[in-house]
J.: 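A single structure is presented below for examination.
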Amino acid sequence: MALQFFNTLTRRKEDFVPLDPEGKKVGLYTCGPTVYNYAHIGNLRAFTFEDLLRRYLEYKGFQVKHVMNITDVEDKIIRTVRESGKSLREVTDFYTQEFFRDLDTLNIQRPHVVPRATETIADMIKLIETLVASKHAYVAEDRCVYFSIKSFKDYGKLAHLDLENLQSGARVAQDEYDKEHAADFALWKAWDEDDGTVKWPSPWGDGRPGWHIECSVMSMKHLGETFDIHCGGEDLIFPHHEDEIAQSEAATGKPFVRYWLHNAHLLVDGKKMSKSLGNFYTLRDLLAKGWTGREVRYALISAHYREQLNFTFDGLQAARSALQRIDEFLLKLQELAGAATHGVPKAVVSEFEAALDDDLNISGALGVLFEFVRVGNKGTFSPAGAADVLAMWKKLDMVLGFGMPTKSEVPAGVQQLVEERQAARKAKNFKRSDEIRDQLAKQGWVVDDTPKGPRAKRIG
RNA sequence: GGCGGGUUAGCCAAGUGGUAAGGCGGGAGUCUGCAAAACUCCUAACGUCGGUUCGAUUCCGACACCCGCCUCCA
């Protein structure tokens, strides 16, 4: 079966065929963070989904050029700047760095190009000038430049909205009476006092770019006027991505993006994450509670990206146990030298791929792997067979990013106690052996007595 | 009000017009001095009411409940 993605634009699954005539290169743009605070696990779900997408594309042999923006000028950032007394750059540099640290913790691959909004302002002004010249945009009384949605006949094609419905339901900010249409959106925001020192010169006076224009400009700059895939959370469908389409296509006259992929949000304990409910978590919160990056990665990645994910600590515990099951299997293979050859069933790889080909059905793919683990645990492997399986798993892990387990290094002191305990057991001095076990536990080590002798493992 | 998604065992979560993967949990067993870990086996499910059909959890239509977007938001 061909690789298929659910395209928000058409609301159906479509075969994925890249723009590249040779079918090799893929342009991927993922909406990046607004760097005014630490990322929360809801944000990180989007980035783990996008990581799975990119890894699978690469696994399938595509050459992916992955671009992700950093939004480093925006209302909330300006507020943080004002309140902290720091410079814009100090604030955004700090949270950008922390953001990438989170990505590393979750083993998310870094994008190839990470443009910052504030470094792309000249290009944004150029695009806005084009839109003003072609009457798709106008300068209002308030000195802001707005995009005129009436000038773009396809407006609403992504979100499946029409203009009348937009007006009836939407709350319209009171200070937006300068606009010709309530849903017209700012391309350029005129400076006001609250902005402090945050401003750039433009043909329309000092100010700063609107949010939507950033993504249009940064994506087209690095991927071309039409590119393959654009991702983001489902909340971005409207207005953000709708507006990107409008301004980009109005400016270039070409289709902007071919496949739009959006991930559903996550809930925590069945409720929308919010600070007031006390169910708001950043990655560092979870790390502080003793969870690891890969456990969080597993929990975030193991449900289909278009389904709402209910994040719970029970779920994290399930992720931990599931990973332990995988680790035990792989560690066993690493140590094993059995009699019969088992070999790698070809079906595993093809079924794994078939699941992911179907709009990244990760649950199905993991199901295939666990099925294999169960069958594999029953069989025995020759050294060559075990090596084959490990090689296969390593390849599949390019997609999953869980990493291969390694035996924990046992310090000499610990190893000595383990041996002492084993000697005591041999001598049937169980009182002594249990004492040593307690002693090891205090040092953070647990001993498993396997048929092949004791094995020390670090706790946690 | 408009647009969209969901409802599968105790929990999480795939999928299918012919009674349904997987993970976690639970139970039993193997192993062990006892444990622990591991492994094996077992366990249990398609919101309600209609319709189409030889047959529906799967298609269609209602209903109920949940959730998202429509406003900064992954």
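Remember, it's a predicted structure, so these values are computed and weren't measured experimentally. In what follows, chains are A, B, ... by sequence order, proteins preceding strands, each numbered from 1.
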J.: Look at the aromatic rings of A/F147 and A/F152 and report parallel, tilted or perpendicular, splitting at 30° and 60°.
T.: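 If you compare the ring of A/F147 with that of A/F152, the planes turn out perpendicular.
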
J.: So what does A/G315 touch, heavy atoms closer than 4.0 Å: a base, only the sugar-phosphate, or nothing?
T.: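 Nothing, no heavy atom under 4.0 Å.
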
J.: Once you apply a heavy-atom cut-off of 4.0 Å, does A/R432 come out as touching a base, just sugar-phosphate, or nothing?
T.: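 Since no nucleic acid heavy atom lies under 4.0 Å of A/R432, the category is nothing.
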
J.: Test A/F47 against every option in A/Y305, A/F99, A/F100 by the ring pair (Phe, Tyr, Trp, His ring centres under 6.0 Å) rule and name the one that passes.
T.: A/F99

J.: Check this for me, if you would: do A/E249 and A/K157 make a salt bridge, where the nitrogen-to-carboxylate-oxygen distance has to be below 4.0 angstrom?
T.: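 Salt bridge flag = yes for A/K157 with A/E249.
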
J.: Taking the P atom of each, how far is B/C72 from B/G23, in whole Å?
T.: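 My reading of the P atoms in B/C72 and B/G23 gives 44 Å.
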
J.: Taking only the side-chain heavy atoms of A/R374 (C-beta and beyond), determine which of B/G33, B/G22, B/A38 contains the nearest atom.
T.: B/G22

J.: Taking 4.0 Å as the cut-off, does a side-chain nitrogen or oxygen of A/R325 come that near to OP1 or OP2 on B/G23?
T.: yes

J.: Please identify each residue that fulfils side chain to side chain donor-acceptor pair (under 3.5 Å) with A/Y29, with sequence neighbours left out.
T.: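 So A/Y29 forms a side chain to side chain donor-acceptor pair (under 3.5 Å) with A/N69.
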
J.: In whole Å, measure the gap between the C1' atoms of B/A56 and B/G18 for me.
T.: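 Here B/A56 and B/G18 have their C1' atoms 9 Å from each other.
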
J.: Between A/E371 and A/L44, just flag the one whose closest nucleotide in RNA chain B comes earlier from the 5' side.
T.: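 Here A/E371 is the residue nearer the 5' end.
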
J.: If I take atom CG in residue A/N361 and atom P in nucleotide B/A13, what distance separates them, rounded to the nearest angstrom?
T.: 13 Å

J.: For A/K76, answer base if it contacts any base atom (sugar-phosphate contacts may also be present), sugar-phosphate if it contacts only those atoms, and nothing otherwise; contact means non-hydrogen atoms under 4.0 Å.
T.: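 The residue A/K76 makes base contact.
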
J.: If you assign A/R437 and A/L366 each to the RNA chain B nucleotide with the nearest heavy atom, which residue ends up on the more 5' nucleotide?
T.: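 Going by which nucleotide is closer to the 5' end, it is A/L366.
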
J.: What is the distance, rounded to the nearest whole Å, between atom NZ of A/K271 and atom P of B/G68?
T.: 11 Å

J.: Report yes if a side-chain nitrogen or oxygen of A/S321 is closer than 4.0 Å to either non-bridging phosphate oxygen (OP1 or OP2) of B/G25; otherwise report no.
T.: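 Yes, within the criterion.
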
J.: Please give me the minimum heavy-atom distance between A/V414 and A/V410, naming the atom from each residue.
T.: CG1-CG1, 3.7 Å

J.: When you compare B/G51 with B/C69, how far apart are their C1' atoms, in angstrom units rounded to a whole number?
T.: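 That atom pair is separated by 32 Å.
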
J.: Any side-chain heavy-atom pair from A/F329 and A/N377 closer than 4.5 angstrom?
T.: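 Result yes, sub-4.5 Å side-chain heavy-atom pair found.
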
J.: Once you round it to whole Å, what is the distance between P of B/C72 and CD of A/E74?
T.: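 Going from CD in A/E74 over to P in B/C72 covers 10 Å.
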
J.: Taking any heavy-atom pair under 4.0 Å as a contact, classify A/S433: base, sugar-phosphate, or nothing.
T.: base

J.: What contact category does A/I237 fall into here, base, sugar-phosphate, or nothing, at under 4.0 angstrom with non-hydrogen atoms?
T.: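 The answer is nothing, as A/I237 stays clear of every strand by at least 4.0 Å.
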
J.: I'd like the C1' distance from B/A45 over to B/C34, given in whole Å.
T.: 39 Å

J.: Give one of base, sugar-phosphate or nothing for A/A159, where a contact means two heavy atoms less than 4.0 Å apart.
T.: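 Answer is sugar-phosphate: A/A159 comes under 4.0 Å of backbone atoms only.
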
J.: Would you indicate which nucleotide in B/C69, B/A74, B/A14 comes nearest to any side-chain atom of A/E307?
T.: B/A14

J.: Can you tell me whether the side chain of A/D448 and the base of B/C31 have a donor-acceptor pair closer than 3.5 Å?
T.: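 Flag unset: no donor-acceptor pair detected.
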
J.: Any strand is fair game: report the nucleotide pairing with B/U32 by Watson-Crick or G-U wobble, both distances under 3.5 Å, or none.
T.: none

J.: For A/K13, is there an ion pair with A/D358 - N to carboxylate O distance below 4.0 angstrom?
T.: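 Between A/K13 and A/D358 there is a salt bridge, with a charged N closer than 4.0 Å to a carboxylate O.
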
J.: Quick one, A/D285 with A/Y38, criterion side chain to side chain donor-acceptor pair (under 3.5 Å). Give me CA distance, side-chain angles, the key distance, then yes/no.
T.: CA-CA 11 Å; A/D285 293 335; A/Y38 298 111; over 6 Å; no

J.: Grab the CD-P distance between A/Q308 and B/A74 for me, whole Å please.
T.: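 In whole Å, B/A74 P lies 16 Å from A/Q308 CD.
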
J.: For B/G33 and B/A20, measure between their P atoms and round to the nearest Å.
T.: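 Per the computed distance, 43 Å lies between those P atoms.
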
J.: Rounded to whole Å, how long is the line connecting atom CZ of A/F372 with atom C1' of B/G22?
T.: 15 Å

J.: When both hydrogen-bonding distances must be under 3.5 Å and the geometry is Watson-Crick or G-U wobble, what is B/A64 paired with, if anything?
T.: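 By the stated definition (distances under 3.5 Å), B/U7 pairs with B/A64.
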
J.: Looking at A/K431, does any N or O in its side chain come under 4.0 Å of the phosphate oxygens OP1/OP2 on B/C34?
T.: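 Answer is no, no contact under 4.0 Å.
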
J.: Could you check whether the side chain of A/D434 and the base of B/A35 have a donor-acceptor pair of N or O atoms closer than 3.5 Å, going by distance alone?
T.: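 No, no donor-acceptor pair under 3.5 Å.
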
J.: Distance check, P atoms only: B/U8 and B/C59, in whole angstrom units.
T.: 15 Å

J.: To the nearest Å, how far apart are A/L360 CG and B/A13 P?
T.: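 Checked: the CG to P distance equals 17 Å.
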
J.: Which of these nucleotides, B/A13, B/U40, B/G33, is closest to any side-chain atom of A/A303?
T.: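 My answer, after comparing the listed nucleotides, is B/A13.
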
J.: Among B/G22, B/G68, B/C69, which is the nearest nucleotide to the side chain of A/F370?
T.: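 Minimum distance to the A/F370 side chain belongs to B/G22.
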
J.: Please determine if A/R110 and A/D104 form a salt bridge, counting it only when a charged side-chain N lies under 4.0 Å from a carboxylate O.
T.: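 The answer is yes: the pair qualifies as a salt bridge.
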
J.: Between B/A74 atom P and A/L266 atom CG, what is the distance in whole Å?
T.: 12 Å

J.: Does A/N263 place a side-chain N or O at less than 4.0 Å from the phosphate oxygens OP1/OP2 of B/A74?
T.: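 Answer no for this pair, as no side-chain N or O of A/N263 is under 4.0 Å from OP1 or OP2.
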
J.: Rounding to an integer number of angstrom, what distance separates B/A9 and B/G29 when you compare their P atoms?
T.: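 The same atom, P, in both gives a distance of 29 Å.
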
J.: May I ask you to verify if any side-chain N or O of A/K272 is less than 4.0 angstrom from the OP1 or OP2 atom of B/A74?
T.: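 Checking B/A74 against A/K272, no side-chain N or O comes under 4.0 Å of OP1 or OP2.
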
J.: Does B/A74 have A/H265 stacked on its base, where the ring centres are within less than 5.5 Å and the planes differ by under 30°?
T.: yes

J.: Do any side-chain nitrogens or oxygens of A/N310 fall under 4.0 Å of OP1 or OP2 in B/C11?
T.: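 For A/N310, the contact criterion (side-chain N or O under 4.0 Å from OP1 or OP2 of B/C11) is not met.
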
J.: Considering the options A/L300, A/I301, A/V296, which one meets the side-chain contact (heavy atoms from CB on, under 4.5 Å) requirement together with A/R45?
T.: A/L300

J.: Quote, to the nearest angstrom, the C1' distance that separates B/G47 from B/A64.
T.: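 Their C1' atoms lie roughly 8 Å apart.
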
J.: Given B/G4, B/C70, B/A36, identify the nucleotide with an atom nearest to the side chain of A/R11.
T.: B/G4

J.: Assign the ring pair A/W260 / A/H241 to parallel, tilted or perpendicular, where the plane angle (0 to 90°) is split at 30° and 60°.
T.: tilted

J.: Pairs under 3.5 angstrom, nitrogen or oxygen only, protein versus nucleotides 17-20 of chain B, please.
T.:
none

J.: Under a 3.5 Å cut-off for both contacts, is B/A44 paired Watson-Crick or G-U wobble with anything, and if yes, with which nucleotide?
T.: none

J.: Strictly by Watson-Crick or wobble contacts shorter than 3.5 Å, is anything paired with B/A37, and which nucleotide is it?
T.: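 Pairing partner: none.
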
J.: Among the candidates B/A21, B/A74, B/C41, find the nucleotide nearest to the side-chain atoms of A/K378.
T.: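 Minimum distance to the A/K378 side chain belongs to B/C41.
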
J.: Find the distance A/D449:CG to B/A38:P and express it as a whole number of Å.
T.: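 Rounding to the nearest Å, CG of A/D449 and P of B/A38 are 14 Å apart.
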
